[in-house]
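I have placed the structure first, in the form of structure tokens, so that the comments after it can refer back to it.
Note that the numbering runs from 1 along the sequence shown for the chain. Since the model is a prediction, treat every value here as computed from it, not as a measurement. No hydrogens, no waters, no symmetry mates; every other heavy atom, side chains included, goes into these values.
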Amino acid sequence: MPDRAPQPVDRQLPTDEARDLISLVRDIAQREIVPSAAEEEDAGRFPREVFALLSESGLLGLPYDAEHGGGDQPYEVYLQVLEELAAARLTVGLGVSVHTLASYALAAYGTKEQQAEHLPAMLGGGLLGAYCLSEPASGSDAASLRTKAVREGDDWVIDGTKAWITHGGIADFCTVMARTGEDGPRGITAFLVPGDAEGLSAAVPEKKMGLKGSPTAQVHLDGVRVPDARRIGDEGQGFAIALSALDSGRLGIAACAVGVAQAALDEALSYAGQRRQFGRPIADFQGLRFMLADMATQIEAGRALYLTAARLRDAGLPFAKQAAMAKLHCTDTAMRVTTDAVQILGGYGYTADFPAERYMREAKVLQIVEGTNQIQRMVIARHLAGPEGR
């Protein structure tokens, strides 16, 4: 029934350029991403050619300066692009978010010489990045990382293992946090490591519940030698750089979560408008209408929350609390909405013939990556009540 067909999200965008950008993203999504998303996810295939197209289209460096190949777009616009990509296929939306996260350290803390040398290729040269902070024994407690970088003349030699690395094994560059000094957060330094560096390797990708097209793997650094010219920021500044990057990265995850939730709602609306029981579409029954209304309301609230945080960031105002709130709310919403979408489709929702089950499996990981939702609650509480144990 046409009056119940899902419509594109009506976005509030600041410029005509941003509206054209969203139109471009929707066109790419419908032509190049959606048609093969289910098949490629099932096969565990990473769509590198899609990322090449996104790079050629100027979509891999949107929030960074045009001087270095970026798109000069505010986060308010960039995040809505991410949402559109994630709605088409989370592997793509999350991949763009992680690439942006991996580029952040150099874009925000690199010297002018470093930025001029590396950023154009990173932002618009078809390269893909990985962000290497977590380790097998240090996930939520990232400050306890053990990967070590030792100074040898003008070089650093890095040894250690990073874990749960998106794009592990396929990334062209890695932003690596390594210990160069004392235990704790003050002894960590950031490095830009080429993806083909000698001694850098990746384990077999993890076998995951969802997001199968996006490789997640341990990354091993065995005597990887990088020049001091690839150190980002000051020695001992790496953990502060990592946390600053994650504040922005959490907004990317929030936007991706809203995209997955929106896709699930659209699938549920389409099905409910066509599926007939007792002589009429199931969308006519109050029980399902209320479910759809709740799903839509949660999605709109999540979108408003991540956009509020983005506008604070764009204005140069503190936004860490709002970023944690957005990541928490939007990913919890994605889990609820995708679960309800499966319920609305009934038995069909539990089959791979419809995308609802894939959305549900993918939503779960968003509550975990870039700081679990339990960590987000800790971050929010610290902003509200101060540090623990005062």
Single-linkage hydrophobic cluster, 4.5 Å side-chain cutoff, Ile253 and Phe319 together | no
Arg303/Asp10 salt bridge by N-O under 4.0 Å criterion | no
Give a yes or no on whether Arg11 atom CZ has more than 12 heavy-atom contacts from other residues, nucleotides or ligands under 6.0 Å away.
-> yes
Look at the side chain of Thr189 and the backbone N and O of Gly236, then say whether any donor-acceptor pair between them is shorter than 3.5 Å.
-> yes
For the side chain of Arg151 and the backbone of Asp154, is there at least one donor-acceptor N/O pair under 3.5 Å apart?
-> no
Indicate yes or no: does Glu84 engage Arg26 in a salt bridge with an N to O separation below 4.0 Å.
-> yes
Is any side-chain N of the basic residue among Asp340 and Arg336 closer than 4.0 Å to the acidic one's carboxylate O?
-> no
Is Glu49 atom CD crowded by more than 12 heavy atoms from other residues, nucleotides or ligands, each under 6.0 Å away?
-> yes
According to a 4.5 Å side-chain heavy-atom criterion applied to Ile, Leu, Val, Met, Phe, Trp and Tyr, with indirect links allowed, do Leu251 and Leu305 form part of one hydrophobic cluster?
-> no
Would you find a donor on one side and an acceptor on the other, under 3.5 Å apart, between the side chain of Lys327 and the backbone of Glu370?
-> no
Measure from the side-chain N and O atoms of His167 to the backbone N and O of Gly129, and report whether any donor-acceptor pair falls under 3.5 Å.
-> yes
Find out whether Phe354 and Val342 are in side-chain contact, i.e. whether some heavy atom of one side chain is under 4.5 Å from a heavy atom of the other.
-> no
Take Gln298 and Asp294, measure what side-chain hydrogen bond (donor to acceptor under 3.5 Å, both in side chains) needs, and give me the verdict at the end.
-> CA-CA 6 Å; Gln298 292 163 11; Asp294 286 344; 5.5 Å; no
Identify whether the distance between the nearest side-chain nitrogen and carboxylate oxygen of Asp314 and Arg311 falls below 4.0 Å.
-> no
Measuring from Asp65:CG to Leu119:CG, what's the distance to the nearest 0.5 Å?
-> 8.5 Å
Are the side chain of Asp159 and the backbone of Gly223 linked by a donor-acceptor contact shorter than 3.5 Å?
-> yes
ILVMFWY network linking Val258 to Leu21, side-chain heavy atoms under 4.5 angstrom = yes
Check whether any side-chain heavy atom of Ser103 sits under 4.5 Å from a side-chain heavy atom of His99, and report yes or no.
-> yes
Quick one: pull up CE in Met209 and CE in Met360 and give me the separation to the nearest 0.5 Å.
-> 9.0 Å
Mind running side chain to side chain contact (heavy atoms under 4.5 Å, CB included) on Lys321 and Val379 for me, showing each step along the way?
-> CA-CA 7 Å; Lys321 178 181 73 173; Val379 170; over 6 Å; no
Got Asp42 and Arg358 here, is their nearest side-chain heavy-atom distance under 4.5 Å?
-> no
How long is the span from the CG atom in Leu192 to the CD atom in Gln114, to the nearest 0.5 Å?
-> 8.0 Å
Donor-acceptor contact below 3.5 Å, side chain Arg225 vs main chain Trp156 | no
Heavy-atom closest pair, residues Ala178 and Lys148 | CB-C, 4.3 Å
Chi angles and distances behind the side chain to side chain contact (heavy atoms under 4.5 Å, CB included) call for Val176, Val219 = CA-CA 10 Å; Val176 176; Val219 171; over 6 Å; no
Considering all heavy atoms, the nearest Met177-Ala190 contact = SD-CB, 3.6 Å
Under 4.5 Å between side-chain heavy atoms, hopping through other hydrophobics if needed: is there a path connecting Leu328 to Leu384?
-> yes
Counting only heavy atoms not in Tyr348, do more than 12 fall under 6.0 Å of its OH?
-> no
Residue Gln343 excluded, over 12 heavy atoms near CD under 6.0 Å = no
Verify side chain to side chain contact (heavy atoms under 4.5 Å, CB included) between Thr100 and Tyr75, making sure each step is shown before the conclusion.
-> CA-CA 11 Å; Thr100 303; Tyr75 245 65; 4.1 Å; yes
Heavy-atom closest contact (Tyr306 atom, Ala254 atom, distance) | CB-CB, 4.1 Å
Do the non-hydrogen side-chain atoms of Val34 and Arg89 ever get within less than 4.5 Å of each other?
-> no
Is the side chain of Ser214 donor-acceptor paired with the backbone N or O of Leu211 at a distance under 3.5 Å, no angle test?
-> no
Under 3.5 Å: donor-acceptor pair, side chain of Glu41, backbone of Gly213 = yes
Could you pull out the closest heavy-atom pair between Val92 and Pro47, with the gap in Å?
-> CG2-CG, 4.1 Å
Take Tyr109 and Asp234 through the test side chain to side chain contact (heavy atoms under 4.5 Å, CB included) and record every step on the way to the result.
-> CA-CA 9 Å; Tyr109 291 89; Asp234 296 330; over 6 Å; no
pair Ile232-His118: side-chain heavy atoms closer than 4.5 Å = no
Which residue, Arg361, Glu362, Arg45, Glu40, forms the side chain to side chain contact (heavy atoms under 4.5 Å, CB included) with Lys212?
-> Arg361
Between Thr297 (side chain) and Ala293 (backbone), is there a donor-acceptor pair under 3.5 Å?
-> yes
Step by step, would you call Thr175 with Tyr104 a side-chain hydrogen bond (donor to acceptor under 3.5 Å, both in side chains)?
-> CA-CA 9 Å; Thr175 296; Tyr104 175 88; over 6 Å; no
Anything under 30° is parallel, anything over 60° is perpendicular, the rest tilted; go ahead and classify Phe51 against Phe46.
-> parallel
Report yes if the side chains of Val77 and Leu62 come closer than 4.5 Å at any heavy-atom pair, otherwise no.
-> no
Should Leu79 and Leu13 be regarded as members of a common hydrophobic cluster, given that ILVMFWY residues are connected when their side-chain heavy atoms come within less than 4.5 Å of each other, either directly or indirectly?
-> yes
One should read off an interatomic distance between Cys132 SG and Gln218 CD, to the nearest 0.5 angstrom, of 11.5 Å
Kindly compute the distance separating CG (Asp155) from CZ (Arg230), expressed to the nearest 0.5 Å.
-> 11.5 Å
Is Arg275 reaching over with its side chain to a backbone N or O of Ala283, donor-acceptor style, under 3.5 angstrom?
-> no
Scanning both residues in full, the closest heavy-atom pair of Leu60 with Ser55 reads CD1-CB, 3.7 Å
Distance only, no hydrogens: is a donor on one side chain within 3.5 Å (strictly under) of an acceptor on the other, for Gln73 and Glu17?
-> yes
Phe278 side chain near Asp284 side chain, heavy-atom distance below 4.5 Å | no
Distance-minimising heavy-atom pair for Ala143 and Arg179 = O-NH2, 2.7 Å
Inter-residue atom distance Glu83.CD - Ile299.CD1, 0.5 Å rounding | 8.5 Å
Salt bridge or not for Arg146 and Glu135, using N-O below 4.0 Å?
-> no
Decide yes or no for Leu246 and Leu133: does some side-chain heavy atom of the first lie under 4.5 Å from some side-chain heavy atom of the second?
-> yes
